[in-house]
2 protein chains.
Amino acid sequence: MTNKLNLNNLTKSEEDYLKALFQLLIEDSSVKVGNNQLADYLKVSPASTNNMIKKLKAKNYVVSEKYGKLDLTEEGKSIAVRLIRKHRLWETFLCNYLNFTWDEVHEVAEQLEHIKSKKLINELDRFMDFPEKDPHGEMIPNADGEYSILPKITLSSLSDGDVCQLVAVDDGSVNFLKYVSEIGLALSSEIKVLEVREFDKSIRIQFDNTIETVTRKFADNVFVKKVV
Amino acid sequence: MTNKLNLNNLTKSEEDYLKALFQLLIEDSSVKVGNNQLADYLKVSPASTNNMIKKLKAKNYVVSEKYGKLDLTEEGKSIAVRLIRKHRLWETFLCNYLNFTWDEVHEVAEQLEHIKSKKLINELDRFMDFPEKDPHGEMIPNADGEYSILPKITLSSLSDGDVCQLVAVDDGSVNFLKYVSEIGLALSSEIKVLEVREFDKSIRIQFDNTIETVTRKFADNVFVKKVV
DNA sequence: TAAAAAAGTTAGTTATGACTAACAAATTAA
DNA sequence: TTAATTTGTTAGTCATAACTAACTTTTTTA
Ligand SMILES: [Mn+2]
Ligand SMILES: [Mn+2]
Ligand SMILES: [Mn+2]
Ligand SMILES: [Mn+2]
């Protein structure tokens with residue numbers, strides 16, 4: 001018999017590394033994730049990630065060969081998903097009950113996701129009547145770690161004439177989120193791509209009788225579902 | 001002009017030490033608190049507290065002379081009160097909204113009290129409509145750190161024939177709190193002291209047509225207000 | 001008031017998780 | 001296919017916060 005659940009006893013740092021690796025891996029499961037990439041993502045030195053990866057390998061959360069790419073074990077994935085569940089439930093709570101705006105929740109959720117109490121998070125889930133999505137449109141895993149992958153592509157991947165619906169946004173940048181709200185975009189907005197300009201990849205879009213030009217960088221952080 | 005608010009930037013440990021010292025000091029403001037007493041309370045070695053006290057003195061949260069007793073500066077008190085506010089508000093939230101029992105809340109609140117977000121705690125306060133007391137009967141400081149001291153003495157300090165009302169309980173021990181509920185006591189229970197037995201200081205009490213004998217240790221953790 | 005006990009301090013060690021600098025392996029470009 | 005670049009690893013340092021063991025000061029007790 002394998003360990004029931006040795007899923008506790010992880011430090012905040014260990015949890016953060018596992019979550020980061022998980023997020024890098026699902027961004028594009030075909031592309032491998034290396035040590036330096038993880039270091040970049042977490043804004044620490046490659047030496048730090050190297051060291052932590054050693055520890056996580058010893059604990060059987062990560063697998064990799066020397067000089068090879070990184071991967072998570074099932075156990076490692078499970079911990080990452082649980083963190084993401086907590087993060088998104090807290091963001092939802094802050095937005096829907098405590099008057100936080102969608103650009104304010106991420107930072108606080110980064111702290112709250114490390115609170116250790118199964119009951120706390122499951123009761124919070126029940127209190128909110130089991131929400132499916134967080135304020136940025138991302139799916140919330142259930143208590144068993146299950147969640148549907150929402151079909152999303154970036155706005156930047158579309159072409160002239162495409163029509164799409166905004167399904168989610170990257171929640172990492174406060175400035176970006178404020179910007180999205182300010183120009184009038186929100187979850188479910190229907191967006192028509194008028195023109196992708198070759199010169200600088202900027203995109204002219206139309207939504208709700210508004211026409212705006214957004215940069216490639218902006219469009220990289222907007223996730224959509226094609227309609228036409 | 002003094003520092004606006006350098007009240008952030010404290011580690012979880014520093015916060016815990018300040019809160020512990022504050023709680024030891026108000027238990028009996030006349031009695032001085034020493035290094036070893038603080039170590040006992042926090043369940044760390046005297047060397048650890050000595051070291052941390054040095055740091056807190058350097059940061060002007062604590063004052064003491066070499067080989068002398070410890071005291072908090074106004075700044076130090078302010079941080080401690082803020083922690084207590086957060087602790088009690090979270091306990092209240094867990095009990096009143098998330099189906100926690102009063103013996104389950106303390107451990108989780110010990111984690112939640114260290115979350116850094118002014119907005120979070122003030123919105124939580126508003127969401128619950130500014131509760132005055134926590135699940136154990138303790139007063140909750142307001143956003144300015146103000147709170148009334150509720151007049152409390154321990155049940156163990158009473159004598160034969162005294163009648164009192166249960167106003168609060170120490171929230172540190174899960175077993176104690178379960179025990180209190182099990183025998184049928186709750187906040188506001190009216191208790192009559194039938195007899196304090198000399199031999200072992202056990203106390204025979206009556207409440208709600210129940211007669212029970214409780215130990216001195218039990219009675220030390222029950223706070224009451226005299227009625228007769 | 002001198003010895004014993006208690007309280008407080010210091011020194012030295014450990015673990016975690018950062019860092020930089022130097023080095024080795026793998027990949028890419030010339 | 002060699003050289004340059006990128007990627008990954010190791011060694012050594014630092015800060016935090018714990019520990020034990022030894023020592024000093026203060027307080028208590030005989
Ligand atoms: Mn987030
Ligand atoms: Mn989110
Ligand atoms: Mn408590
Ligand atoms: Mn309490």
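Bear in mind the structure is a predicted one, so any value in this text is a computation, not a measurement. So you know, we letter chains A, B, ... as the sequences are listed, proteins then strands, and number each from 1.
Of the residues B:N122, B:D144, B:N142, the one that meets the side chain to side chain donor-acceptor pair (under 3.5 Å) test with B:R85 is B:N122.
With sequence neighbours left out, A:E110 forms a salt bridge (Lys or Arg N to Asp or Glu O under 4.0 Å) with A:K19. Residues passing the ring pair (Phe, Tyr, Trp, His ring centres under 6.0 Å) test with A:Y147: none are found, sequence neighbours excluded. Shown here are the ring pair (Phe, Tyr, Trp, His ring centres under 6.0 Å) partners of A:Y67, two or more places apart in sequence or in another chain: there are none. For A:V108, the side-chain contact (heavy atoms from CB on, under 4.5 Å) partners at least two apart in sequence or on another chain are A:L94, A:F100, A:L112, B:I115, B:S117, B:L120.
You'll find the ring centres of B:Y17 and B:Y61 outside the 6.0 Å limit.
Between C:dA18 and A:S13, a contact under 4.0 Å exists linking OP1 or OP2 to a side-chain N or O.
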- [ ] Heavy atoms under 4.0 Å is the rule here; annotate nucleotides 2-11 of chain C 5' to 3' with B where the base is hit, S where only the sugar-phosphate is, and - elsewhere.
- [x] -----BBBBB
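A donor-acceptor pair under 3.5 Å is absent between the side-chain atoms of A:K226 and the main chain of A:D162, judged by distance alone.
Salt-bridge check for B:K116 with B:E15: passed, with a basic side-chain N closer than 4.0 Å to an acidic carboxylate O.
Here the range on DNA chain D touched by chain A, meaning any atom under 4.0 Å from one of its heavy atoms, is D:dT7 to D:dA11.
Using a 4.0 Å heavy-atom criterion, one finds that A:T11 contacts the sugar-phosphate atoms exclusively.
Rounded to a whole Å, the CG atom of A:L70 is 15 Å from the P atom of C:dA26. Taking atom NZ of residue A:K32 and atom P of nucleotide C:dT27, one finds them 13 Å apart after rounding to whole Å.
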